[in-house]
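Per chain, numbering begins at 1; letters A, B, ... match sequence-line order. In what follows, every heavy atom counts, from backbone to side chain, and hydrogens, waters and symmetry copies are set aside.
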Amino acid sequence: MSTTDDLIEQLAASAPPPQRSLGRFLLPLAMAMLLCTFGVAMLLEGAFAPAASDGLAPIMVKWGFSLALLAMSAGALWAIGQPGRRTSEATRALAIPFALVALLLVLELVVGGRPFPGTTWQRCLIAMAMMSPLAFAGAIMAARWLAPTQLRRAGMVAGLYGGAVAMTAYVPFCPGHGMAYLAVFYCLPILAMAGLGWILGPRLLRW
Amino acid sequence: MDVLDDLMAAARTGDAAAYRQFLAEVAVRVRSRLASKIGADSELEDLVQEVLIAVHQKRHTHDPSRPVAPWLNAIAGYKLIDHWRRRGRSPIELDDSADMAVAADSMAGLDVDSLLDQLPDHQAEAIRLTHIDGLTSSEAGEQLGVGTSAMKLRVHRGLNRLKALIAEDEA
């Protein structure tokens with residue numbers, strides 16, 4: 001028992017507590033976003049070139065999905081990182097953007113699909129595969145600063161963030177359009193990254 | 001209002017005495033909460049200390065607008081599960097006194113070295129250090145670079161294996 005008392009003395013004598021800071025949590029997330037954005041911009045040319053022929057609408061639809069997922073996953077990760085918070089609603093809500101895509105995909109298939117998969121899908125997959133892990137690493141760093149007690153859930157949400165950032169960065173260069181394209185070449189890689197996060201969460205986030 | 005909330009609020013302003021009192025209260029609550037879930041006293045105390053360190057290191061994750069108790073319980077629960085995970089799925093009752101009470105003469109006449117050779121190296125080493133060289137579990141753990149609980153577990157499993165080996169020999 002005395003060693004526990006000694007420990008309490010030691011801990012109490014140490015530096016004053018660090019402040020609870022949303023900024024400190026958001027910093028690695030923002031760094032990951034910047035890194036991916038500049039990374040894609042340096043590797044590829046012709047940002048917004050697809051808008052010249054198709055207008056801005058396809059880009060806006062994709063960004064609508066990716067930015068919603070990005071913001072929601074960052075919010076969920078913030079909640080999951082704080083012990084004792086209810087996080088199931090925030091986690092379940094992350095299915096909403098995917099459900100909307102599924103709904104629109106069904107409508108598109110009923111109305112008559114667009115040409116699929118187009119010619120640039122390989123580049124899209126490569127961009128997702130390269131950038132998702134980078135942004136995932138940023139989300140893991142952000143989560144490690146907090147104290148997630150559900151490591152698989154936290155890992156999965158970090159994976160969704162990673163995928164959402166990669167998609168956001170690559171979208172201006174993507175000439176592919178249509179819901180089938182979005183579902184197959186964006187949603188599936190994002191879900192794969194989330195699955196990887198679910199598997200790796202307990203290893204990467206243990207504290 | 002929970003006393004933990006008051007103490008945490010005071011600690012946040014830099015009041016070291018309040019923080020000391022907060023940690024002491026945390027230790028009492030965690031100990032009583034985990035007592036029924038952990039077998040040996042020494043293991044419980046190890047876990048209480050782990051929770052204290054976790055609470056200290058992660059205290060910036062507590063939202064001042066929320067009560068401390070659910071936050072603390074989530075951390076204690078996490079550390080308990082982590083403890084079980086590290087120790088293996090099956091919670092084993094570790095009884096130090098029973099392990100230490102294996103009397104020296106019960107092994108008299110046995111070729112202890114050859115028996116120990118039949119154990120996995122880490123278990124044999126653990127038994128040599130604690131039962132032949134006479135170190136305590138924490139001293140032996142320090143020497144091998146593992147925690148006291150892990151050390152005790154190695155000794156416990158090693159002794160069980162030894163007993164089984166002796167029983168096989170006698171049969």
Tell me, for Ala27(B) versus chain A, whether the close heavy atoms (under 4.5 Å) come from the side chain, the backbone, both or neither. side chain
Just verifying a value: how many Å separate Leu52(B) CG and Thr4(A) OG1, rounded to the nearest 0.5 Å? 7.0 Å
Return yes when atom CD of Glu142(B) has more than 12 non-hydrogen atoms of other residues, nucleotides or ligands closer than 6.0 Å, and no otherwise. no
Sort out for me which of Gln57(B), Gln21(B), Arg66(B) touches chain A most, counting heavy-atom pairs under 4.5 Å. Arg66(B)
Measure distances from Ala11(B) to the heavy atoms of chain A and classify the residue's part below 4.5 Å as side chain, backbone, both or neither. backbone
Identify which part of Leu72(B) has an atom lying under 4.5 Å from any heavy atom of chain A, answering side chain, backbone, both or neither. neither
Select one option (side chain, backbone, both, neither) describing which atoms of Arg24(A) are under 4.5 Å from chain B's heavy atoms. neither
Is the number of heavy atoms from other residues, nucleotides or ligands under 6.0 Å of Phe48(A) CZ greater than 12? yes
Between Ser14(A), Gly81(A), Ser21(A), the one whose heavy-atom pairs under 4.5 Å with chain B are most numerous: Ser14(A)
Interface residue of largest heavy-atom contact number with chain B, from Pro83(A), Pro148(A), Gly84(A), Ala147(A), under 4.5 Å: Pro83(A)
Between atom CG of Asp82(B) and atom CG of Leu151(A), what is the distance when rounded to the nearest 0.5 Å? 8.0 Å
To the nearest 0.5 Å, tell me how far Glu45(B) CD sits from Thr3(A) OG1. 6.0 Å
Measuring heavy-atom distances to chain A, does Arg59(B) have an atom under 4.5 Å in its side chain, in its backbone, in both, or in neither? side chain
Would the number of heavy atoms belonging to other residues, nucleotides or ligands and lying under 6.0 Å from CH2 of Trp198(A) be above 12? no
Which heavy atom of Lys58(B) sits nearest to which heavy atom of Arg144(A), and what is that distance? NZ-O, 2.8 Å
Which heavy atom in Tyr78(B) sits nearest to a heavy atom in Trp207(A), and how many Å separate them? OH-N, 3.2 Å
Looking only at heavy atoms, which two atoms of Arg20(A) and Thr61(B) are closest? And how far apart? NE-O, 4.4 Å
Using heavy-atom distances under 4.5 Å, tell me whether Asp46(B) contacts chain A through its side chain, its backbone, both, or neither. neither
Report, as yes or no, whether the 6.0 Å neighbourhood of atom CG on Asp117(B) holds more than 12 heavy atoms from other residues, nucleotides or ligands. yes
Quick one: closest heavy-atom pair of Leu11(A) and His56(B), and the distance? O-CE1, 3.3 Å
Asp63(B) versus Gln82(A), closest heavy-atom pair with distance: CB-OE1, 4.2 Å
